[in-house]
Number of protein chains: 2
Amino acid sequence: MTMSNPGGRRKPPTIHDVAREAGVSRGTVSRVLNGGHYVSPAAQEAVDAAIRRTGYVVNRHARSLITGRSDSVGFLLTEPQERFFEDPNFNVLLRGCTQALAAHDVPLLLMLAGTEDERRRITRYITAGHVDGVLLVSSHSGDPVAEELREAGVPLVACGKPIGLGSKVSYVAADDRDGARDMVRHLLSLGRRRIGVVTGPLDTPGGVERLAGYKEVLTEAGIAVDERLVVSGDYSRASGEAGAERLLARAPEMDAVFVASDLMAQGVLSALHRAGRRVPDDIAVGGFDDSPAATAATPALTTIRQPWDRISSEMVRVLLAQIGGEDPAAVILPTELVRRESA
Amino acid sequence: MTMSNPGGRRKPPTIHDVAREAGVSRGTVSRVLNGGHYVSPAAQEAVDAAIRRTGYVVNRHARSLITGRSDSVGFLLTEPQERFFEDPNFNVLLRGCTQALAAHDVPLLLMLAGTEDERRRITRYITAGHVDGVLLVSSHSGDPVAEELREAGVPLVACGKPIGLGSKVSYVAADDRDGARDMVRHLLSLGRRRIGVVTGPLDTPGGVERLAGYKEVLTEAGIAVDERLVVSGDYSRASGEAGAERLLARAPEMDAVFVASDLMAQGVLSALHRAGRRVPDDIAVGGFDDSPAATAATPALTTIRQPWDRISSEMVRVLLAQIGGEDPAAVILPTELVRRESA
DNA sequence: TTCTCTACTGTGAACGCTCACAGAAGCATG
DNA sequence: CATGCTTCTGTGAGCGTTCACAGTAGAGAA
C-alpha cells in the first residue's frame with residue numbers, strides 16, 4: 001500500500017537488471033550494446049528482448065566516466081552573435097548539424113562565447129573533455145578560442161575556411177570563389193558591363209573569396225576592375241543599403257551589382273528603389289546565399305545557393321571521423337546559381 | 001625520453017590530485033566544490049590554490065553518476081521547425097536561454113523533434129534522465145511529447161501558455177491579450193474605426209489571445225466586431241500578404257489593420273503597397289513582436305514588443321527552481337507598445 | 001588422445017566523484 | 001569531570017558502466 005516513489009521519477013533499470021532479465025552477465029549485455037561482436041545469436045536475442053521489456057536506456061554518464069569520451073559535441077559560436085543570430089543561414093546550419101548528429105545519437109551542446117568570461121568558461125569546459133569535439137562557427141580570422149582548442153588537441157571543424165589557424169584544422173565551406181564567378185558570368189551574359197560589387201567583411205574568407213571571384217571573371221572577360229565599383233559591407237541589410245548608395249554616387253552608370261549576401265541585397269534593392277532605378281531593367285542585382293530573404297525580396301533575388309544541408313552534414317561527418325582518430329580534412333562544396341527576377 | 005602521451009590530450013587532474021596538492025582529503029575538496037559549508041578558511045584557501053595550480057575542472061560524468069542529476073537541460077523544439085527557424089523570435093529566445101543557463105553553469109542541449117522517430121528517441125533520452133529538465137518551445141496545442149514528459153514527472157517550462165496540457169506545467173508568456181489591447185487602443189486613438197485583424201494560428205494561445213484582446217477593445221469602444229474584418233494567418237510573411245488581400249477584397253473601406261506578427265505585417269505592407277494604399281495615411285498597420293522585421297520594413301512598423309530577454313531568463317529561472325523541487329509556476333510578462341511609422 | 005584455435009561468456013577492477021558516517025577537536029553547560 | 005553541541009575532517013562504499021582477463025566449450029588437426 002505504500003507508494004514506492006511518491007511524486008518523483010522512477011529509478012531507471014540498469015545494465016544489471018537487463019542481464020538478470022535476460023539470464024546473461026553484464027559483460028554480454030555490454031557487448032550487445034556496443035556492436036554485438038562475440039555474442040551468440042541466442043544471447044543477442046535474449047538481451048534485445050530484455051532491453052525492450054525493461055525499457056532500458058544506457059546511462060551515458062557511467063559510460064563516459066570509464067571510456068573518457070562524452071559522446072557529445074559542442075556547437076560553438078564566437079564573436080559577434082548579433083550578426084549570426086540575425087542571419088537565417090545560421091539557423092539552417094544549426095538545425096542541419098543538430099539533425100545530422102541526432103542520426104548518430106550524439107547530443108549537441110550549444111555554446112555562445114560572447115563575453116571574455118564566457119570564452120574562458122567554455123574553453124575550460126571543452127578542454128576538460130566535456131565534449132569530444134567542436135563545430136565552430138566563427139568566420140572571423142584568428143579566433144583565440146579556436147586557436148586554444150586546436151593547441152589542446154580538441155577535434156575541431158570550422159564552417160568556412162578559417163584564416164588565422166594553421167592547416168591542421170578541418171573545415172567545410174561552400175566554394176565561394178566559384179559561386180561568385182558564376183554570378184558575375186551570369187551578369188555578363190545578360191549584357192551588363194558596368195558591374196559593381198558589395199563585398200562581405202574582408203577579414204572573413206567568404207568576403208575575400210567572393211571578391212576574388214568577381215575580379216577574376218571580369219579580368220578574364222577583358223574588363224578592367226574599377227575600384228569605384230567596389231565597396232564592402234558586413235553582411236547586414238543596413239550595410240547593403242549604404243553600399244548601394246555609395247556605388248550610385250560614385251558610378252551612376254552602373255548596370256548591375258553583385259552583392260555578397262542576400263540580406264545586403266535586400267538593402268541594395270531598397271536603395272535602388274529609392275533612387276528610382278528599376279530592377280532588373282535599369283540595373284541587375286545578384287545576391288549570395290539563397291536565404292529566405294531572397295524570395296521575400298521584391299523583386300525576388302537571383303542568387304547563389306550555398307548547400308547548407310550538405311555543409312552541415314559534412315561538418316558532422318568530418319568531425320566524427322576526426323574524433324574517431326582520422327586526420328583533419330578540408331571539404332569544399334559546389335554552389336548553384338538560382339535564377340529569379342532580379343537578374 | 002619517451003613521450004608520455006604522443007599527439008593526444010593529456011589526462012586531466014582529478015579531485016584526488018587536488019587533495020594531495022592541497023594536503024587535505026577528497027572529501028574536503030568535494031565540500032569546497034559544492035558550496036564550501038563546513039570547511040575551515042585555511043582548508044578553503046589551500047584547496048582553491050591547489051585547484052588553480054592544477055587547472056582542475058570537475059568531471060561532470062562522475063558527479064552525475066552518483067548524484068543522479070545531469071546538471072544540464074534540454075531546449076526542445078517540437079512540431080513545425082520551419083516556422084520557428086524562420087522566426088527571429090526563436091533565435092532571441094534560444095540565445096537568451098543559453099546565456100541565462102550559462103550563468104548557472106548549466107549546459108543546454110538542443111533537441112529537435114521533427115520526425116516521429118526523433119520524437120521517440122528524444123523522449124527516451126529525456127525520461128532516462130539525461131537532462132534534468134526541459135525548456136519547451138511548442139506553441140501548438142496538446143503536444144504528445146510534452147504530455148509524455150509531464151506524465152514522467154520531468155520538470156518542464158513552456159514558452160507561451162500550453163493549451164492542451166493540464167495546469168501542472170509551468171509556462172512563461174508575454175501578455176498577448178494586453179499587448180493586443182494596447183495596439184488596438186492605439187489605432188483607435190489615431191481616429192481609425194474600421195480596424196481589420198490578421199490573427200495568428202487559432203490553435204496557439206498567442207493566436208487566440210491576441211484576437212481576444214482585439215475584440216475586447218472594440219467592444220469596449222462600442223464598435224461591433226465585424227467578422228469580415230477578421231482573417232487568420234500562420235505567422236508567415238506569405239500568409240500576411242494573403243490575409244491583407246482578403247481583407248481588402250472584403251472590406252475596402254478598412255482604415256487600419258492589426259497584424260499578429262511582424263513577419264505577417266511585412267506581407268501586409270507588400271500587399272497594401274501593391275494595392276496602392278499608403279501607410280499610414282490611408283491605412284495604419286500595427287504589428288506584434290518587435291522583431292528585426294519591424295525595423296527592416298518600409299515604413300518601419302509600429303508594433304508590440306515582447307520582452308524576449310525577460311521571457312528567456314524567466315523560463316530558466318522557473319525551470320531551475322522546479323528542478324530544485326519547487327512547484328510549477330506561471331509567469332506572464334508585460335508587453336510594450338513601440339511607436340514607429342506605420343501607425 | 002592431446003593440443004590448438006576460435007567463439008563466446010562471466011568476473012573483478014576500475015573510472016572520478018559524492019555521500020553517509022565516524023571521529024576529532026574546541027568550547028560551553030550540567 | 002562528564003556530557004553535549006558545533007565545527008571540521010578523513011574514510012569507505014558505491015553510482016552504472018566498460019575493459020582486460022580468465023575461463024569454457026566445441027571443432028579441427030596432429
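Within every chain, numbering begins at 1; the chains are lettered A, B, ... in the order of the sequence lines, protein sequences first and strands thereafter. The analysis underlying the following values was restricted to heavy atoms, covering all of them including side chains, and did not include hydrogens, waters or symmetry mates. Just so it is clear, the model here is predicted, and its values are computed rather than measured.
Closest to the side chain of B:Leu65, out of D:dG16, D:dT18, D:dG10, is D:dG16. Side chain of B:Ile66, nearest nucleotide from C:dT9, C:dT18, D:dG10: C:dT18. In the set C:dT18, D:dT17, D:dG16, the nucleotide with an atom closest to the side chain of B:Leu33 is C:dT18. With distances taken from any side-chain atom of A:Ser40 to the nucleotides D:dT18, C:dT9, C:dC17, the minimum falls on C:dT9.
Nucleotide C:dA14 holds its C1' atom 17 Å from the NE2 atom of B:His61, rounded to whole Å. Rounding to whole angstrom units, CD1 of residue A:Ile15 and P of C:dT11 are separated by 14 Å. The distance between atom CZ of A:Arg20 and atom P of D:dG16, rounded to the nearest whole Å, is 12 Å. Residue B:Glu45 contributes atom CD, which lies 15 Å from atom P of D:dC8 at whole-angstrom precision. Nucleotide D:dG16 holds its C1' atom 18 Å from the CZ atom of B:Arg63, rounded to whole Å. Between the CD atom of B:Gln44 and the P atom of D:dT7 there is a distance of 16 Å, given to the nearest Å. Between the P atom of C:dC17 and the NE2 atom of B:His16 lies a distance of 11 Å, rounded to the nearest Å.
B:Asn59 has no side-chain polar atom (N or O) that falls below the 4.0 Å cut-off from OP1 or OP2 of C:dC15. Put simply, B:Thr28 has a side-chain N or O that comes within less than 4.0 Å of OP1 or OP2 on D:dG10. Side-chain nitrogen and oxygen atoms of A:Ser25 include at least one within less than 4.0 Å of the OP1 or OP2 phosphate oxygen of C:dG10. Dashed line: the shortest gap from a side-chain N or O of A:Tyr38 to OP1 or OP2 of D:dT24 is not under 4.0 Å.
Toward the 5' end of DNA chain D, the nearer of the two residues A:Arg69 and B:Arg31, judged by each one's closest nucleotide, is B:Arg31. Taking for each of B:Asn34 and A:Gly23 the nucleotide of DNA chain C with the nearest heavy atom, the 5'-most of the two is the partner of A:Gly23. Each of B:His37 and B:Ala62 lies near DNA chain D, and the nucleotide nearest B:His37 is the one positioned closer to the 5' end.
Counting distance only, with no hydrogens placed and no angle test, the side-chain atoms of B:Arg26 and the base atoms of D:dT11 include no donor-acceptor pair under 3.5 Å. Put simply, the side chain of A:Arg60 and the base of D:dG16 share no donor and acceptor less than 3.5 Å apart.
Atom OG1 in A:Thr98 sits 4.0 Å away from atom CG in B:Leu110 (nearest 0.5 Å). Here B:Leu135 contributes atom CG and B:Leu93 contributes atom CG; the two are 8.0 Å apart, rounded to the nearest 0.5 Å.
Taking 4.0 Å as the cut-off between side-chain N and carboxylate O, A:Glu147 and A:Arg150 count as a salt-bridged pair.
Test A:Ile122, A:Leu136, A:Val145, A:Thr123 against A:Met111 for side-chain contact (heavy atoms from CB on, under 4.5 Å) and you get one pass: A:Ile122.
The aromatic rings of A:His130 and B:His61 sit perpendicular, their planes meeting at an angle over 60°, well past the 30° parallel limit.
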